[in-house]
Every structure is written in structure tokens, then in C-alpha cells.
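Report on one structure; see the data block that follows.
Below, read A as the first sequence line, B as the second, and so on, with proteins coming before strands; counting in each chain starts at 1. The figures here come from the full heavy-atom set of this structure, side chains too, leaving out hydrogens, waters and symmetry mates.
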Amino acid sequence: MELLRSLSERGLVYQMTAEEKLAELLDGSRLTFYIGFDPTAGSLHLGHLVPLMIARHLQNAGHRPLIIVGGCTALVGDPSERSAERTYEPRETIDGWARSIKTQLQRFLDFSARENGALLLDNREWLDDLKLIDFLRDTGKHFSVNRMLSAESVKLRLEGGISFLEFSYSLLQSYDFLHLFRTEGCILQVGGSDQWGNIVAGIDLVRRVEASETWGFTCPLVTGSSGEKMSKSQAGGAIWLDPELTTPYDYYQFWMNVDDRDAIYFMKLYTFVPGDEIDELARLTGADIRKVKERLAFEATSLAHGEDNARKAEKASRSLFGGKGDLDEVPTLQLAESRLSKGVSFLDLFVETGLCPSRSDARRLGKQGGLYLNGERIADPMQSIAVSDLKEGGLLLRAGKKRYYRIEFS
RNA sequence: GGCGAGGUUCCCGAGUGGUCAAAGGGGGCAGACUGUAAAUCUGUUGGCGGACGCCUUCGGUGGUUCGAAUCCACCCCUCGCCA
């Protein structure tokens, strides 16, 4: 009962089939399991991370992960977790997304281990060439519409509308499982709690077609204490795993800024810090909880962006918020020195760094007293910066309480 | 295919010829308070110009009008009932 229980204690398990048997399997010899990700955007985000963590836990325990990128299923669109039909994306777009997601996934698992190296597959490989009539006869035959209609994901959509395209999604995902069972000996599927219906449907299909038993479990849909989903956990939207979209520094800051109540909970989910260490940290209270968050931020950033980047983000954060250390690692914009003499207003700089989305917005922020230069509130954002404003050859801009940007002139 | 309802700014949702960049709520952001936390209070929440101002927005395209989110025509989409 060890592996399943330890996953469960970390809060990684939500629903499962045949608990006893599953626990036994997980503690037994190497098995092959799969997790799927549909490319619905050009990057994975925090919402995808928990299943990945599980995959890694399982791989660490010796099991073999199959990671499926749903190049085909994304074309159909999973109705789960969606209140309305997905936007209909052209094939080329989704192919592009699939490519970048594949690259990202490489970072999270060991693909080179001899015995249980992870395998990355795209379901285009087998779904693309299906013949419609064959598929309907061989697979569709085993699905009861009555039953599909009672699936939670479909029921939710019965009000707002669901097209046949999305309705048929679970057939395709089930077929994936069947295919992986046949070709790779895959007997376990893991996914988010919204995938339960799809997972169970797949298990059913394998049983009917192959007369074999397979298993599944889901992880909970993680939400912060204030109820927001991890998939869109921040103002600007999701926290992406792509460093181009969410820089390691911002990623680190996200974890630093989680609600006190979530710090330990997230640490269990999103890091590999051992349980007894977490118990230790859980004793901290009040302002000391920040220490938990520092650990959380460091560990989580290491996982996503490597220890080196985590170290840098940590350094930058300490110098900005703790007042000690250098500013080398703070996000920086390089500007030509000639800009100085031409007269650049603070307004311009806040927009150029992206701290403010528009000049109007920057002006508004200024009025509210939310613009700062080198720690001092900027009285007149319209003003041009002067050489005398430079500190150690640069400027430290701050928008609001905690968004910083450094500017260097060269 | 028929009949009925409806498509409003990030979301929900008012608005039914000028006073509408559009009520209200949610969310976001900022300020105060703090611990880079929570709670609370206040402000703010299309873009451009220093301000009086200008520009773009209410499913789409045309039209009526001095003037439309609001009226008309056609079209597209969604929902419900029927087929």
C-alpha cells in the first residue's frame, strides 16, 4: 500500500478504480501507465503540473510513463471542464502547439532511463488514419449514448450546447487507451479529476474489446484557498511553464505570493520535498510562513526551469524584497544611452518594460501613486528621466507593490 | 425545416433613439493597513493626447436619422419547443 498511500497523503489522489488492486499493482513490478495532454495552447500551465508530478512520482518508483500529446484529440476538443464549445482552431495551429508542448514535457520526466524511460507519443499516429465506418463499428458500437449523456462533463454542456464533435471526444480518448494497451501494454491511466469519465470509458472499452482489466486514477482539481483554478491562477491569466511566457522570476514570484493557507498544501503537490520535512515546515506560523514559501518557490522553480534559474530568481527576489544583494538577476531592459538625451518619460518606460500595458494605464497608475523609481514614488510620470535619476548606471522601476523592472543604459 | 427567445465592454448582467465608454455585481489593478499573506476600507478598471478633447467598441453587413447599443432589412451564431 506504500506508493498509493504516499501519493494520497500528498493530496495527489482523488478518485480511483479498485483501490486494493491498484495499490498492489503500484507496489508491484514495473507497469506502464499513461497521461495525456491536449495541445490547447502553445504551452503547458500550472493546471497541467499535478498529473506530471504524479507521472514523475510513479516513474521514480520504477514505473514506465507514456506521455500522450493529443494532436488529434485537440482537434476535437474535450468538453470536460468547459462550459462552452472550444474555439475551433486550424490544424496547423494545433500542430504548432503540439510541437512546443512536446519540448516542454521533455524537462519533467526521464526519457533516457533504460528500463522505464518515458515515451512521448502523439495520438495523431493512430487516430489520424482511422476509417470512419470501421471506427464506428469497432469502437462506437461499444458506447451507449444514454450513458454518455449522463457523464458529468456532458450534462453540464447540455444546457449551453454541445456539438457532436465534442460529444464524441470520449470515444477517441478511450480508443487511445485501447491502442496503448495493445501496443505498449499500458494498463493504467492517470489524469485530472475532469478526466474521470474519459478514463472510465477507456477502461470499459478495453474490457469489452480485449476482455482485460485496466485501471485508472485521477488527481484533484487544484484550487487556491480563494477558489481560483491553477489553470488561471493569476491576474494576467495562467502561469505558464514556458519561460518565454512566464519568466522563471515571475514563476518564482507566483509561488512566493501564494496564500498562507496554501503554502504547505502546494508544497506537497508541487515539490518532492519529503513528507517529514514538510511536517516540520508546517509548524511555522505567522510571518515565518514566508520561509515555507521560499522553499516552495525554489523547489517548484527548480523543477520547471532548473536549479540554476531557480537560484537566480531567488537572488533577484531577495535583493528586491529583502534589500540585500545585487540586482543582477532582476528582469532588465537594455536601452541605448542615446535614448536618455532624447528625453524618455517615465510613462514611456513603464510601457516599454511591459509593467503597464498602455500609456493610459500607466497614467492611471501614476495618479494612484503606484509608480516608483528607485523606491521613491514618482510624482509626475510625464516627466522625462534625467541622468541624475540613474543609480549605478540604471533605473529600478516598480509598478504597484511588487512588480519590478530594471533598466540599463549602454 | 417551423415557431419562440437571445447575442452588450475580462465574466455575469442592465440598458431599448441623444444626458452611453455604456448601471450593478464579480474579477483585476492601485492606495492605506501588513509579513512579497489574509481580512478590511477607499479609489480605479477601452485607446490616444499634459488637461477642455479626440478615436474605437455593444454578433455581421447595409439602411433610416441631425444623431443608433437602442429603429428597419438581410445575414451569421446560440438556446428552447416542434419536425
Side-chain angles (χ1 to χ4, degrees), chain A residues 79 82-88 154-167 223-229 231-239 249-267 281-282 284-298 300-301 313-325 327 329-331 343-348 350-351 354-372 375-384 396-405:
Chain A
R82 278 267 158 172
S83 51
E85 188 104 357
R86 287 173 184 279
T87 49
Y88 192 88
V154 173
K155 254 197 282 184
L156 286 173
R157 291 286 298 280
L158 248 30
E159 292 267 319
I162 180 169
S163 70
F164 183 75
L165 177 72
E166 290 197 10
F167 182 63
T223 57
S225 289
S226 40
E228 75 286 358
K229 284 193 208 166
S231 52
K232 36 182 144 186
S233 30
Q234 274 233 320
I239 300 295
Y249 169 77
D250 287 330
Y251 192 80
Y252 181 95
Q253 279 297 313
F254 167 78
W255 295 107
M256 276 307 287
N257 283 304
V258 298
D259 197 311
D260 276 11
R261 295 168 288 177
D262 294 328
I264 290 292
Y265 165 58
F266 284 170
M267 187 176 271
L281 287 163
L284 297 172
T285 55
D288 281 340
I289 293 177
R290 240 178 26 251
K291 289 178 187 151
V292 180
K293 294 185 195 174
E294 271 181 1
R295 184 73 192 280
L296 168 66
F298 179 77
T301 309
E314 185 183 65
K315 254 175 97 177
S317 297
R318 283 185 178 158
S319 68
L320 289 174
F321 294 96
K324 53 194 170 187
L327 297 171
E329 306 298 347
V330 176
V344 200
S345 70
F346 290 117
L347 219 54
D348 295 324
F350 276 94
V351 175
L355 284 172
C356 296
S358 69
R359 294 174 59 86
S360 302
D361 188 82
R363 206 173 273 130
R364 222 177 279 129
L365 242 187
K367 262 183 209 149
Q368 299 181 116
L371 300 181
Y372 305 81
E376 303 289 322
R377 183 167 289 168
I378 297 172
D380 177 17
M382 263 50 107
Q383 203 181 25
S384 290
L396 183 63
L397 301 182
R398 186 177 121 208
K401 198 60 74 179
K402 44 197 168 194
R403 287 158 47 234
Y404 286 93
Y405 227 98

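- Using a 4.0 Å heavy-atom distance criterion, Arg377(A) is classed as a sugar-phosphate-only contact.
- Side-chain atoms of Gln368(A) come within donor-acceptor range of the base of G43(B), with a qualifying N/O pair under 3.5 Å.
- Among the protein residues, Gly322(A) comes within range of no part of the nucleic acid, since none of its heavy atoms lies under 4.0 Å from any strand.
- Each of G35(B), U34(B), A30(B) was ranked by its minimum atom distance to the side chain of Leu365(A); first place goes to A30(B).
- RNA chain B is contacted by both Ala399(A) and Ser317(A); Ala399(A) maps to the nucleotide lying nearer its 5′ end (nearest heavy atom per residue).
- At C48(B), one or more side-chain N or O atoms of Ser358(A) fall inside 4.0 Å of OP1 or OP2 (strictly under the cut-off).
- Here Tyr404(A) lies out of heavy-atom contact (under 4.0 Å) with every strand.
- Contact annotation: Lys367(A) side-chain N/O to G31(B) OP1/OP2 distance is not under 4.0 Å.
- In terms of polar N and O atoms assigned as donor or acceptor, the side chain of Asp260(A) comes within less than 3.5 Å of the base of G35(B) in a complementary pairing.
- Distances shown here put every side-chain N or O of Tyr372(A) at or beyond 4.0 Å from the OP1 or OP2 atom of A30(B).
- The Ala287(A) side chain lies nearest to G35(B) when the options are G35(B), U36(B), A32(B).
- The phosphate of G47(B) (OP1 or OP2) has no side-chain N or O of Arg359(A) nearer than 4.0 angstrom.
- Proximity note for Ser360(A) (side chain, C-beta onward) versus C48(B), C33(B), G35(B): the nearest is C48(B).
- Regarding contacts with the backbone of A37(B), a side-chain N or O of Lys402(A) is found under 4.0 angstrom from either OP1 or OP2.
- Using a cut-off of 4.0 Å between Lys/Arg side-chain N and Asp/Glu carboxylate O, Arg290(A) and Glu294(A) are scored as not salt-bridged.
- Listed pair Arg363(A) / U45(B) fails the phosphate criterion, with no side-chain N or O lying under 4.0 Å from OP1 or OP2.
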